[in-house]
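Below you'll find the structure, written out as structure tokens, and then a few comments.
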2 protein chains.
Amino acid sequence: MKERSTMANRASKSPSSILEVATLANVSTATVSRVLSGRRAKDDDIAQRVRKAAAELNYSVNYAASALRSDVTNTIGLVIPSATDSFSAGLLDALEPVVDSDSRQLLLGIGESEAMQVDRVESLCSRKVDGLIVVTSAGADLSEVFDRHADGIPIVQVGGRQRSFRTDMVSIDENTAMEAIIGHLADQGVESVAYLAGEEISFESAELFAMFHTQVRAAGLTTQSDWNRFGDCTVRRGFDCTIRLFGERGHPDAVVCADDTIAFGVMMALHALGMSVPEDIKVVGYNDSPIASATLPTMTSVRPPYDRIVSESLRLIEAGPGHPSHVSLPPELVVRVSSTRR
Amino acid sequence: MKERSTMANRASKSPSSILEVATLANVSTATVSRVLSGRRAKDDDIAQRVRKAAAELNYSVNYAASALRSDVTNTIGLVIPSATDSFSAGLLDALEPVVDSDSRQLLLGIGESEAMQVDRVESLCSRKVDGLIVVTSAGADLSEVFDRHADGIPIVQVGGRQRSFRTDMVSIDENTAMEAIIGHLADQGVESVAYLAGEEISFESAELFAMFHTQVRAAGLTTQSDWNRFGDCTVRRGFDCTIRLFGERGHPDAVVCADDTIAFGVMMALHALGMSVPEDIKVVGYNDSPIASATLPTMTSVRPPYDRIVSESLRLIEAGPGHPSHVSLPPELVVRVSSTRR
DNA sequence: GTGAAAGCGCTAACAC
DNA sequence: GTGTTAGCGCTTTCAC
């Protein structure tokens, strides 16, 4: 029911204060505050009168005043390297609705370099966000800022290398992911596998590569050191690597990539070489970016568990600062056509 | 020079107030406020003393208190349909650094449906952002919310159809874009052109299509009505359309797409049909999403003028509410390999 | 140009 | 459980 009374309209001009609501409901401002913030047990006549008055006056709290008094800003900060990064974008889309439905507000900081990330963390902390979620860019070390603020504000680092042990950490269980990939390929009759990864010999990429090796051995598959290549995380790189790989005598049955972009280049190269995916060669990507479902054939990839990352991060923030813990979440292998036997 | 005095460290524990700065600098809180907010003319001894004291105490303003008193929140709100949308992501990456460098904070709202967009606009307005930038999702009509808040908060609509005339509007000059595309193709020796667009017969897409026709005629090129197709904005759609298009007798020299994703499907289909891009057929995309520079060959596309969109939007916000104006910005044709004669 | 003081709207303490 | 009241930290009159 849309209120269209004169009062509601007048109210929307100059936002009404809690005092007006209190007057209209015949209670004190304290009661109004308690009812509207849910800090009051019963839902009796008084509570309803207050809510009715608030609705009638089109009242909404003044967050500045509320924050000034209570030190709770009802905001969550998020720092990401770039909105163009598919992981960050996926996280953003998953996080915002949850934050908003809690009638909180999302404050966003974007920074690729370590310096910019530090800067954004500082900004958000000085805004006194109720919690801060940070997707560190590869290689950035934010431990100094984190340590400086971790006492006062719950900070959750998502993915990457844990460098500060005073913040919470939500990471992706890459080992499970790799186990799922290799197990799936073995099921499809694959016997030998190549591995193509991004350029930076970062902690994360080294770790993933190590897991690849472990899982390949565990599943009884084979690989070769000259089938394991590191290059840019670009289509062209995947393309060139593949051309070289398959130009040589003897080639793998499958190519596992540490990124969808590379996998895409691989698929293009295989096409150019006249080999068909998945019949001749199977291909698996990583991150389940939009490109994965757009290729022909569609690409099997590993989807980060965005919803669980969000819920765990917010849970850790709720728990408050001071008791840092680490949760590791298994991603989901999204099996599409590029890796299936047919 | 990094201050590491005992005071600075103690100060960083419990953030210091303007009163402590005033005491240390031997002035009143009013003077501190004036100096730090730049509302004071001279940069004399006093000003320097104040700044030095502030630095020493590691002081930063309490935005909540500042906002409560002055009604200026130092925040900019942005509403987008999805972070996965390449235009929104590009805008986000361009906007954030500018907002931040002004020591303001970006508040983000994400909503695909009209209802969610309205909701996010309401949230941000009730947070009293200093300005609101909205990328409306296709077909959404936000005029009602806009009208309701336009008096109090400067609102800038970016792109899409202008439905409220009480807000500012920054749009992309698609006509110039189309002129550049067709002119470029004509220069490359193209004589006949097909046009593939996204599904929704929205105002925007209809407009772009009309401009395509105008420009094709103006440049002396030809097209055919069965070469102008509307479908999903997906790779597969582009693929299927192309297969059908080029299966028929007689086909165009070039394909202009209203989206990079479609163009990508077109390129894959042409490859599958054994036709080479750009030798046999030229292809042009739209939006310059990351995919455009990742295809093989790289794709010519139209890049939205993100930086100018940002600067114009912020300029309009600075001008305040009440004098809505409309600026139209020409995008840039990024010529890559898919459209060049060789 | 500077300082003293009021007060923005709300919530937390406290008294009832 | 409810009302009264103080005061969060800042900006902005208003005197000087």
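Every chain is numbered from 1 and lettered A, B, ... according to where its sequence line falls, protein lines coming before strand lines.
The B:Ala65 side chain lies nearest to D:dG9 when the options are D:dG9, C:dC10, D:dT4. Residue B:Ala30 has its side chain nearest to C:dA4 when only D:dT2, D:dC10, C:dA4 are considered. In the set D:dC10, D:dG9, D:dT2, D:dG9 carries the atom at the smallest distance from any side-chain atom of B:Leu68. Taking every side-chain heavy atom of B:Arg34 into account, D:dT13 is the closest of D:dT13, D:dG3, C:dC10. The side chain of B:Val27 sits closest to C:dG3 out of C:dT2, D:dT12, C:dG3. The A:Ser28 side chain lies nearest to D:dG3 when the options are C:dC10, D:dG1, D:dG3.
Between the side chain of A:Arg69 and the base of D:dG9, no donor-acceptor pair under 3.5 Å is found. A donor-acceptor contact under 3.5 Å is not formed by the side chain of A:Arg39 with the base of D:dG1.
Comparing B:Ser70 and B:Asn26 against DNA chain C, the residue whose closest nucleotide sits nearer the 5' end is B:Asn26.
In this structure, the CG atom of A:Asn62 is 16 Å from the P atom of D:dC10, given to the nearest Å. In this structure, B:Leu57 atom CG and D:dG9 atom P are separated by 14 Å, rounded to whole Å. Look at CG on B:Leu19: it is 10 Å from C1' on D:dG9, rounded to the nearest Å. The CG atom of A:Asp71 sits 8 Å away from the P atom of D:dG9 (whole-angstrom rounding). D:dC10 atom P lies 9 Å from atom NZ of A:Lys128, rounded to whole Å. Rounded to whole Å, atom C1' of C:dT2 lies 9 Å from atom CZ of B:Arg40.
In this structure, A:Asp43 and A:Arg51 have side chains that are in contact, with non-hydrogen atoms separated by less than 4.5 Å.
Between A:Arg163 and A:Glu114 there is no salt bridge, since none of the side-chain N atoms of the basic residue sits less than 4.0 Å from a carboxylate O of the acidic one. At a threshold of 4.0 Å, the pair A:Arg120-B:Asp100 counts as salt-bridged, since one of the basic side-chain nitrogens sits closer than that to a carboxylate oxygen.
Across all strands, A:Tyr63 comes closer than 4.0 Å to no nucleic acid atom at all (heavy-atom distances).
A:Thr31 has a side-chain polar atom (N or O) that falls below the 4.0 Å cut-off from OP1 or OP2 of D:dG3. Using a 4.0 Å cut-off, some side-chain N or O of B:Ser33 falls inside it from OP1 or OP2 of D:dT11.
Heavy-atom minimum distance, B:Ala94 versus B:Tyr306: CB-CB, 3.8 Å.
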Audit row: A:Ser325, A:Leu316, side chain to side chain contact (heavy atoms under 4.5 Å, CB included) steps and yes/no: CA-CA 8 Å; A:Ser325 56; A:Leu316 291 170; 3.2 Å; yes
